[in-house]
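The first residue in the sequence is number 1, and the count goes up from there. Not measured: the values here are computed from a predicted model. Whatever order the structure lists ligands and atoms in, that order sets their numbers, starting from 1.
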Amino acid sequence: MPCSRSRLTCLVLAAVLAATVSAQTLLDCGESRYFPSQYTCFDGDFLCPITDDVDFLRCGLACYNTQDYACSNSTLEQNTHDPNQLLACGEAFFSPLKYDCFDGTFLCPKYEGEASLRCGDACYFTEQYTCNADDALEPKAAAPDCVPNFGASQVCNDAGCFPKACCPGLISIGDKCRDPCDLNPQKCWTGN
Ligand SMILES: *[C@@H]1O[C@H](CO)[C@@H](O)[C@H](O)[C@H]1NC(C)=O
């Protein structure tokens, strides 16, 4: 209930939300400008679209959807979904069910069918990070499905327990996401 405490809190929150929406800034990709919610910039100058939350990946001079295609040494191949299909990525071979090949040489793993992307010498998932112009990873400001203060920081089912991402500024303590400032106010008091 963000607005229950005071009208001032409400106004401040509304201002923060407005700033977040307009913070959907245009980024540079070579000569082009793009919204990071709509495109991914590969190698500093090549845009591929994001449609229905699916990141299209670069393969040579094309963009492809990993459901249907795979990239072997920068050439597009059908993704046959056959566990025995092996494609070349430089000197290595990979199953397109488990990896994607970037720049003809660099493998990044998939997680539950979702591709991770290359950032310098690392791989990242776009929900969690952005890759800046210096090929450094930056945590995303707010994951849309991050767990708020006092929320459960893991989900358990038949297959075991899996961690969930706490919202920025929160840490997982026990099985809850908690604001470290609640636990040690002196450390976090900023005076405002
Ligand atoms: C892929 O590229 C590597 C290095 O450029 C090369 O050694 C290899 O033979 C290529 N593989 C295929 C199947 O073309």
Side-chain angles (χ1 to χ4, degrees), residues 23-147 153-155 157-166 168 172:
Q24 173 62 274
T25 44
L26 278 166
L27 300 179
D28 288 317
C29 186
E31 307 276 281
S32 321
R33 314 204 78 195
Y34 70 105
F35 287 112
S37 60
Q38 294 171 354
Y39 292 92
T40 309
C41 182
F42 291 90
D43 308 306
D45 62 3
F46 193 91
L47 289 173
C48 285
I50 300 171
T51 55
D52 299 327
D53 281 340
V54 174
D55 292 322
F56 280 63
L57 307 186
R58 176 180 189 171
C59 187
L61 296 178
C63 295
Y64 70 103
N65 149 6
T66 61
Q67 191 63 23
D68 299 325
Y69 295 95
C71 189
S72 179
N73 268 7
S74 301
T75 303
L76 279 181
E77 303 278 348
Q78 292 282 335
N79 181 349
T80 61
H81 295 257
D82 174 350
N84 295 320
Q85 183 182 27
L86 284 181
L87 300 175
C89 187
E91 307 281 298
F93 289 90
F94 71 102
S95 160
L97 296 179
K98 294 187 179 152
Y99 295 92
D100 295 296
C101 180
F102 292 84
D103 306 307
T105 56
F106 194 88
L107 290 172
C108 280
K110 284 176 161 136
Y111 179 69
E112 292 183 348
E114 191 192 341
S116 60
L117 306 186
R118 177 180 189 176
C119 184
D121 290 331
C123 300
Y124 71 103
F125 287 97
T126 55
E127 292 89 13
Q128 293 164 334
Y129 296 95
T130 53
C131 182
N132 71 21
D134 300 323
D135 274 351
L137 289 174
E138 293 174 0
K140 279 216 165 162
D145 54 356
C146 63
V147 177
S153 62
Q154 58 179 14
V155 57
N157 59 29
D158 296 347
C161 290
F162 306 93
K164 293 173 73 184
C166 295
S172 176

Q. With sequence neighbours excluded, what pairs up with Asp135 under the salt bridge (Lys or Arg N to Asp or Glu O under 4.0 Å) test?
A. none
Q) What protein heavy atom is closest to atom 13 (C) of ligand 1, reported as residue, atom name and distance in Å? A) Ala88 CB, 3.7 Å
Q) Which distance, rounded to the nearest 0.5 Å, do you find between the SG of Cys59 and the CZ of Phe46? A) 9.5 Å
Q. Between Leu57 and Phe102, what is the shortest heavy-atom contact and its length?
A. CD1-CZ, 3.8 Å
Q | Sub-4.0 Å protein heavy atom next to atom 5 (O) of ligand 1 | A | no
Q | pair Leu27-Pro36: side-chain heavy atoms closer than 4.5 Å | A | yes
Q) How about Cys101 and Cys71: are their SG atoms under 2.5 Å apart? A) no
Q. Considering only heavy atoms, which of Asn73, Thr75, Thr105 lies nearest to atom 12 (C) of ligand 1?
A. Asn73
(Q) Give the atom numbers and elements of ligand 1 that come within less than 4.0 Å of a heavy atom of Glu91. (A) 4 (C), 7 (O)
Q) Among protein heavy atoms, which sits nearest to atom 3 (C) of ligand 1, and what does the distance come to when rounded to 0.1 Å? A) Gly90 O, 3.4 Å
